[in-house]
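Worksheet: the structure to be examined is printed underneath.
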Amino acid sequence: MNINGPRGTQDILPGAVEQWQYVEHVLADICRRYNYKEIRTPIFEHTELFQRGVGDSTDIVQKEMYTFEDRGGRSLTLRPEGTAAVVRSFVQNKVYGSPNQPTKLFYTGPMFRYERPQQGRMRQFVQFGIEALGSADPAVDAEVLGLAMNSYQELGLRSLKLVLNSLGDAESRKSHRQALIEHFTPYKGELCEDCQSRLDQNPMRVLDCKKDRDHPAMATAPSILDHLNEFSQNYFNEVKAYLDEMGIDYVIDPNLVRGLDYYNHTAFEIMSEAEGFGAITTLSGGGRYNGLVEEVGGPETPGIGFAMSIERLLMALEAEGVELPIEQNLDCYFVSMGEVAKKKASGIVNELRRSGIQVDQDYAGKKIKGQFKSADRLGAKFVLVLGENELENNQINVKNMMTGDQTEVALDQIVDYMKQEMKEA
Ligand code: HAM
């Protein structure tokens, strides 16, 4: 019987995994510079968290969650995103009580959505995200947007577009909601089934519909930006002023609607404009979610964040032809000949490894020529040879594969010698 991995999942094999490690390392380092600390939350949560947090009317909750009952009869869900879980943890661990606010967190980990798989859309994907909880300062919005853009730029992406919108506060959205209902109701019968129910539950989501995108009523729909009250308008202006000061380019799109219910004020997406990136152009998305902490049972606490999938990041790097500086070559390959040399080699290899040097050797009983071939295939920078002659003289032959130079080194000097060579290599 042949059992393949489930649809929409992938194995990340050696050769590719180094790219993941590299970008995760760069992202963690960027977070360190912005003073965001890592948080790790469970992969599953009580289903109710996402129903309340992400929102009952969203596609994620209605159609995409991996929900199951455990043996104790509890409804659990594999996390479809990170924000609700981070907020739950912030509340549960009373992190809001710390004097260091805002609380600035980042996470990297697998998320699960039952979506129709296609390039850039997986059922299990890895999100890197950040959340800043406890400040309603528009400068924090700008910091989050800056971190997002900087992450892509530092990794070498150039064809980026930051799309920005304001969803306003509750009052602004209420007024916009009313205008949307009035605008779309005459066409209700012409809209898709999803939009018909969205019109009742969350009319803003109609603007985000892929099926009804070309309906004439879309182009003339009322814009949220015309419904922002004074506070929301000022807030949006402040965010834009900070972005201008930081030299971050953006385009305003009043139809940018996010697929999760918790957003207000700042909402944004970063798109790839690289040729050949594929049908899905969104690299990441985020926004402000004042009110979510209360929804999850905590004290009034504003929040903002964003998330990207590593899969789409790597796709964009490939589309733009960015080569990551990844070292694939082996430091050392140890060639030995004969039983006695093989035993002796095991001790030296062990010592070299303990001193921090990467070493491999043959375990397939290969002859010397075969061992050299292996060293070559692994791109060994140095080949160390211990044969009968060398054993007799208590020496090892060291070949620097990058220069072709060869030297004999005393057995008891080899670790120090190699340490020095590796420093210079
Ligand atoms: P989201 O827009 O649902 O937002 O997802 C954020 C990013 O996750 C997307 O832009 C995309 O890069 C990636 N993503 C989502 N679904 C898939 C998928 N099926 N396959 C591959 N990648 C995917 C959120 O999840 C929010 N929690 C973001 C946020 C954080 N807002 C505030 N804080």
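Counting starts at 1 for both ligands and their atoms, in listed order. The first residue of the sequence shown is numbered 1, and numbering continues consecutively from there.
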Quiz prompt | Protein heavy atom at shortest distance from atom 9 (C) of ligand 1 | solution = R312 NH1, 4.0 Å

Self-check item: Name of the residue among L133, L292, V91 meeting side-chain contact (heavy atoms from CB on, under 4.5 Å) with V86
Solution: L133

Quiz item: Quick one: which ligand 1 atoms are inside 4.0 Å of a heavy atom on T83?
Solution: 26 (C), 27 (N), 29 (C), 30 (C), 31 (N), 32 (C), 33 (N)

Quiz item: Are Q101 and T103 side-chain neighbours, meaning at least one heavy-atom pair lies under 4.5 Å?
Solution: yes

Practice problem: Find all atoms of ligand 1 within a distance of less than 4.0 Å from any non-hydrogen atom belonging to M122, and give their numbers and elements. | Solution: 18 (C), 19 (N), 20 (N), 21 (C)

Exercise. Determine the sole option in Y262, Y235, Y263 for which the side chain to side chain donor-acceptor pair (under 3.5 Å) test with R288 is passed.
Key: Y235

Quiz item: Under a 4.0 Å N-O cut-off, is there an ion pair linking R205 with D59?
Solution: yes

Practice problem: Looking only at protein heavy atoms, identify the closest one to atom 22 (N) of ligand 1 and say how far it is in Å. | Solution: S309 OG, 3.0 Å

Quiz prompt | Polar contact flag for I304 and ligand 1 (N/O pairs, less than 3.5 Å) | solution = no

Exercise. Please work out which of Y263, F125, F128 has its closest non-hydrogen atom nearest to atom 17 (C) of ligand 1.
Key: F125

Quiz item: Under 4.0 Å between a Lys/Arg side-chain N and an Asp/Glu carboxylate O for R88 and E45?
Solution: yes

Practice problem: Output the list of atoms in ligand 1 that are nearer than 4.0 Å to some heavy atom of G120, sorted by atom number. | Solution: 20 (N), 21 (C), 22 (N)

Practice problem: Select one of side chain, backbone, both or neither to describe which atoms of L260 lie under 4.0 Å from any atom of ligand 1, heavy atoms only. | Solution: side chain

Could you list the donor-acceptor pairs under 3.5 angstrom formed between side-chain atoms of residues 417-425 and any protein atom two or more places apart in sequence or on another chain?
| from | atom 1 | to | atom 2 | distance (Å) |
| --- | --- | --- | --- | --- |
| Y417 | OH | T407 | OG1 | 3.3 |
| Q420 | NE2 | E424 | OE2 | 3.0 |

Self-check item: For atom 2 (O) of ligand 1, closest protein heavy-atom neighbour
Solution: R258 NH2, 2.8 Å

Quiz item: Applying the side chain to side chain donor-acceptor pair (under 3.5 Å) test to S172, which of N229, D226, N264 qualifies?
Solution: N229

Exercise. For atom 12 (O) of ligand 1, grab the closest protein heavy atom and report residue, atom and distance to one decimal in Å.
Key: L283 O, 2.8 Å

Quiz item: Could you state the interatomic distance from CD (E182) to CZ (R177), rounded to the nearest 0.5 Å?
Solution: 12.0 Å

Practice problem: Output the list of atoms in ligand 1 that are nearer than 4.0 Å to some heavy atom of E131, sorted by atom number. | Solution: 30 (C), 32 (C), 33 (N)

Quiz item: Taking side chain as C-beta onward, heavy atoms only, is L164 less than 4.5 Å from F236?
Solution: yes

Quiz item: Does S284 have a non-hydrogen atom less than 4.0 Å from ligand 1?
Solution: yes

Quiz item: More than 12 heavy atoms of other residues, nucleotides or ligands under 6.0 Å from CZ of R353: is that the case?
Solution: yes

Self-check item: Check ion pair K63-D194 (N to O, under 4.0 angstrom)
Solution: yes

Exercise. Do me a favour and list the nearest non-hydrogen protein atom to atom 7 (C) of ligand 1 with residue, atom name and distance?
Key: A307 O, 3.4 Å

Quiz item: Can you tell which of E115, E269, R113 gets a heavy atom nearest to atom 19 (N) of ligand 1?
Solution: E115

Quiz prompt | Ligand-residue contact atoms, ligand 1 with G286, heavy atoms, under 4.0 Å | solution = 31 (N)

Practice problem: Starting from atom 27 (N) of ligand 1, locate the nearest protein heavy atom and write down its residue, its atom name and how far away it is, to 0.1 Å. | Solution: E81 OE1, 2.5 Å

Quiz item: Is it true that F231 and H265 have ring centroids separated by less than 6.0 Å?
Solution: yes

Practice problem: Taking only heavy atoms of Q127 into account, list the atoms of ligand 1 that are under 4.0 Å away from them. | Solution: 5 (O), 6 (C), 7 (C), 8 (O), 24 (C), 25 (O)

Exercise. Give the atoms of ligand 1, by number and element, whose distance to some non-hydrogen atom of M308 is under 4.0 Å.
Key: 12 (O)

Quiz item: Considering only heavy atoms of Y262, which atoms of ligand 1 have at least one such atom less than 4.0 Å away?
Solution: 26 (C), 27 (N), 31 (N)

